Protein chains: 2
Amino acid sequence: MTKQQEASKRRDAKREAIIKAAIHIFGQKGFHAAKIQDIADFASIGKGTVYEYFSTKDELFLAVYDKWMDDFEAQMTASAAEHNNPVSKADALIDTAIDFYETHAQYAAILLEFWAHALRSDDKHFLERIRKMKQTLADLGADVTRQLKKVRAFTEVDAVSFSRLELGISDGIFLQWILDGKAYSLRDAYKFRQSVIGSGLMTTAFRKVMSLKTKKHLKEGFWKSPE
Amino acid sequence: MTKQQEASKRRDAKREAIIKAAIHIFGQKGFHAAKIQDIADFASIGKGTVYEYFSTKDELFLAVYDKWMDDFEAQMTASAAEHNNPVSKADALIDTAIDFYETHAQYAAILLEFWAHALRSDDKHFLERIRKMKQTLADLGADVTRQLKKVRAFTEVDAVSFSRLELGISDGIFLQWILDGKAYSLRDAYKFRQSVIGSGLMTTAFRKVMSLKTKKHLKEGFWKSPE
DNA sequence: ATAAATTGACCGACTCGTCGGTCGGCAAAA
DNA sequence: TTTTGCCGACCGACGAGTCGGTCAATTTAT
């Protein structure tokens with residue numbers, strides 16, 4: 001390994017260390033209340049050094065989110081790759097998601113702030129990162145959905161729309177769980193959700209009456225990609 | 001009307017005016033970037049006057065959220081009261097929710113900030129206000145669910161859990177829609193969701209296989225009230 | 001091999017604009 | 001004359017980002 005490579009490796013390691021400290025402080029205090037000085041202190045380096053690696057607080061914030069999303073995507077992709085049977089693949093994906101949500105529950109507030117930031121910031125990087133993550137997960141989900149249709153577990157449904165719906169639902173349940181003070185088991189909530197979505201709530205008779213409308217909706221879906 | 005009553009009415013009106021200005025500025029810039037001076041300017045009053053009506057920025061922020069939630073609760077309750085038939089009642093509730101979401105789409109970021117604020121703030125008012133709103137809506141939803149079971153439209157399901165699930169899902173879809181740059185119709189997304197939840201995605205054969213597990217989950221639910 | 005020179009990572013005191021909140025005074029109403 | 005509501009100049013804390021200086025490691029010169 002050349003000297004340059006070593007140096008750049010050291011640099012990367014330090015960068016990581018700063019991000020780690022930033023995760024801790026941002027997570028604890030939120031974006032606005034977290035001071036760069038706090039992060040520097042926690043990383044046991046000088047404040048000026050932080051600025052050698054990240055030119056603004058925003059950039060550091062984005063790096064933190066980036067790291068989370070990289071992790072999440074990697075875990076989900078790996079989890080999907082471990083299974084062939086689409087039913088167990090679906091289960092594995094949900095399980096992995098729950099694990100991630102549970103271990104990151106303490107960072108829920110900063111996630112919300114990040115989204116708010118993304119919606120407001122002129123810097124399109126934030127929104128793009130969110131969309132990239134959603135795209136990756138939606139692809140995984142759509143794939144599983146298609147397989148489930150193929151093995152006749154699922155009825156005719158637009159795979160992309162369903163996959164996107166699932167993403168929204170997952171976030172929604174997670175958020176609600178957080179806002180409800182984690183008073184119940186997140187896993188139970190997901191199980192309940194799965195039963196509702198799988199089986200539906202209508203009685204057989206009622207389902208027959210609604211069948212035409214329902215079929216149309218399921219087949220057509222709703223999803224269109226953002227511009 | 002006595003002099004005092006008139007005076008207090010004038011005071012309330014001004015309070016409302018300040019809240020209105022605050023909604024505009026908070027919505028546009030977010031909690032942190034919004035300056036009290038901006039709000040005062042927009043309301044065409046002096047900065048000091050704002051502090052005659054709200055003692056801190058936090059308090060004003062809470063008042064803004066309060067007003068939204070009061071509106072939302074009132075609209076949903078009114079909407080529910082207009083119908084007797086549970087099927088059309090459910091439709092009406094969903095319709096009202098979509099309307100509210102659509103007209104408040106511009107304020108999505110501030111909603112996220114509010115939730116983040118609530119999770120982090122020492123002031124329990126924020127979280128309590130959120131939970132009160134959720135409770136009101138969940139009661140409405142559980143009521144409709146019970147009626148739907150009674151008329152044999154819905155199968156056996158824990159009404160409270162389902163209602164709470166719906167709340168989470170609604171927020172999730174809304175959020176996703178916002179984050180996706182409103183690229184599709186929110187109403188279509190909701191329709192799709194309703195079809196999935198009503199009818200379920202499993203084929204008849206598969207549903208039979210899963211039936212026992214599903215029934216158990218639906219009946220038991222997941223929801224426990226936060227301490 | 002040793003000294004001198006160079007580099008660049010690291011640091012934290014400092015700057016400077018910002019903004020929540022205060023307060024003394026003013027003007028209109030009572 | 002007193003009270004009430006209103007105002008905006010002012011204050012002080014605060015924190016992002018800067019920058020000149022330090023020092024250890026590396027390179028070059030002797």
Side-chain angles (χ1 to χ4, degrees), chain A residues 1-22 24-26 28-64 110 113 117 120-123 126, chain B residues 1-22 24-26 28-64 110 113 117 120-123 126:
Chain A
M1 191 184 291
T2 69
K3 299 271 167 172
Q4 278 89 357
Q5 276 175 323
E6 261 177 52
S8 111
K9 205 168 175 182
R10 260 206 324 279
R11 197 179 158 77
D12 286 354
K14 190 143 216 166
R15 205 185 128 92
E16 283 300 303
I18 294 174
I19 291 177
K20 248 189 177 155
H24 185 254
I25 302 293
F26 277 140
Q28 194 171 73
K29 309 198 173 188
F31 179 73
H32 290 282
K35 289 134 215 161
I36 296 289
Q37 186 66 63
D38 294 339
I39 293 168
D41 287 352
F42 192 77
S44 306
I45 59 173
K47 179 179 170 184
T49 309
V50 174
Y51 282 92
E52 302 279 337
Y53 292 83
F54 302 93
S55 56
T56 61
K57 198 182 180 185
D58 259 40
E59 201 180 308
L60 180 53
F61 192 43
L62 183 56
V64 165
I110 198 74
E113 277 175 12
H117 207 86
R120 206 110 58 184
S121 169
D122 292 328
D123 187 344
F126 291 91
Chain B
M1 189 183 294
T2 69
K3 300 272 171 175
Q4 277 89 357
Q5 278 174 324
E6 262 177 51
S8 112
K9 204 168 176 181
R10 259 205 327 278
R11 197 177 160 78
D12 285 355
K14 191 143 214 168
R15 204 186 131 91
E16 284 299 302
I18 295 174
I19 291 177
K20 248 189 177 157
H24 184 254
I25 302 293
F26 277 141
Q28 194 170 72
K29 309 197 174 186
F31 178 74
H32 290 281
K35 289 131 214 163
I36 297 289
Q37 186 67 63
D38 294 339
I39 293 169
D41 287 351
F42 192 77
S44 307
I45 59 172
K47 179 179 164 182
T49 310
V50 174
Y51 281 92
E52 302 281 336
Y53 291 82
F54 301 93
S55 56
T56 62
K57 196 182 180 184
D58 259 39
E59 200 181 308
L60 180 52
F61 191 43
L62 184 57
V64 165
I110 199 73
E113 277 174 13
H117 207 85
R120 206 113 53 188
S121 169
D122 292 328
D123 187 345
F126 291 92

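Predicted, not measured: the structure shown is a model, and the values here were computed from it.
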Practice item. Hey, could you give me each pair passing ring pair (Phe, Tyr, Trp, His ring centres under 6.0 Å) that has a residue in residues 36-64 of chain A? Not counting sequence neighbours. Key: A:His24-A:Phe42, A:Phe26-A:Phe61, A:Phe31-A:Phe61, A:Phe61-A:Phe114, A:Phe61-A:His117
Exercise for review: Rounded off to whole Å, could you give me the CD1-to-C1' distance for the B:Ile36 and C:dT22 pair?
Suggested key: 14 Å
Review point. Counting only non-hydrogen atoms, which of residues 51-59 of chain B are less than 4.0 Å from DNA chain C?
Key: B:Tyr51, B:Thr56, B:Lys57
Review point. How would you label the contact of A:Ala33 with the nucleic acid (heavy atoms, under 4.0 Å): base, sugar-phosphate, or nothing?
Key: nothing
Check your understanding: Which whole-number value in Å describes the distance from A:Asp41 CG to D:dA16 C1'?
Key -> 15 Å
Exercise for review: Provide, to the nearest angstrom, the distance between the CD1 atom belonging to A:Ile39 and the P atom belonging to D:dG17.
Suggested key: 11 Å
Exercise for review: Hey, could you give me the CD1/CD1 distance between B:Ile18 and B:Ile25, rounded to the nearest 0.5 Å?
Suggested key: 13.0 Å
Review point. Just wondering, do B:Val64 and B:Ile110 contact through their side chains at under 4.5 Å, heavy atoms?
Key: no
Check your understanding: Can you tell me how far the CZ atom of A:Arg120 sits from the CD atom of B:Gln28, to the nearest 0.5 Å?
Key -> 9.5 Å
Exercise for review: Rounded off to whole Å, could you give me the NZ-to-P distance for the B:Lys29 and C:dT18 pair?
Suggested key: 12 Å
All N/O pairs under 3.5 Å across the protein-nucleotides 8-11 of chain D interface:
from  : atom 1 : to      : atom 2 : distance (Å)
D:dG8 : N7     : B:Gly48 : N      : 3.1

Check your understanding: Residues two or more places apart in sequence or in another chain: which of them pass side chain to side chain donor-acceptor pair (under 3.5 Å) with A:Ser55?
Key -> A:Glu59
**Study point:** Interatomic distance where CD1 belongs to A:Ile25 and P belongs to D:dA16 [whole Å]
**Key:** 12 Å
Side-chain donor-acceptor pairs under 3.5 Å in residues 43-50 of chain A, sequence neighbours left out?
none

Check your understanding: With a 4.5 Å limit on heavy-atom distance, are the side chains of A:Glu113 and B:His32 in contact?
Key -> no
Revision key, fill the gap. note: A:His32, atom NE2; C:dG20, atom P; distance rounded to Å ~ 12 Å
**Study point:** Residue list, salt bridge (Lys or Arg N to Asp or Glu O under 4.0 Å) with B:Lys29, at least two apart or on another chain
**Key:** B:Asp38
Review point. Quick one: B:Phe31 CZ to C:dG20 C1', roughly how many Å, whole number?
Key: 10 Å
Practice item. Please state how far atom CG in A:Asp12 lies from atom C1' in C:dA9, giving the value in whole angstrom units. Key: 15 Å
Review point. So how far is it from A:Asp123 CG to A:Leu62 CG, rounded to the nearest 0.5 Å?
Key: 7.0 Å
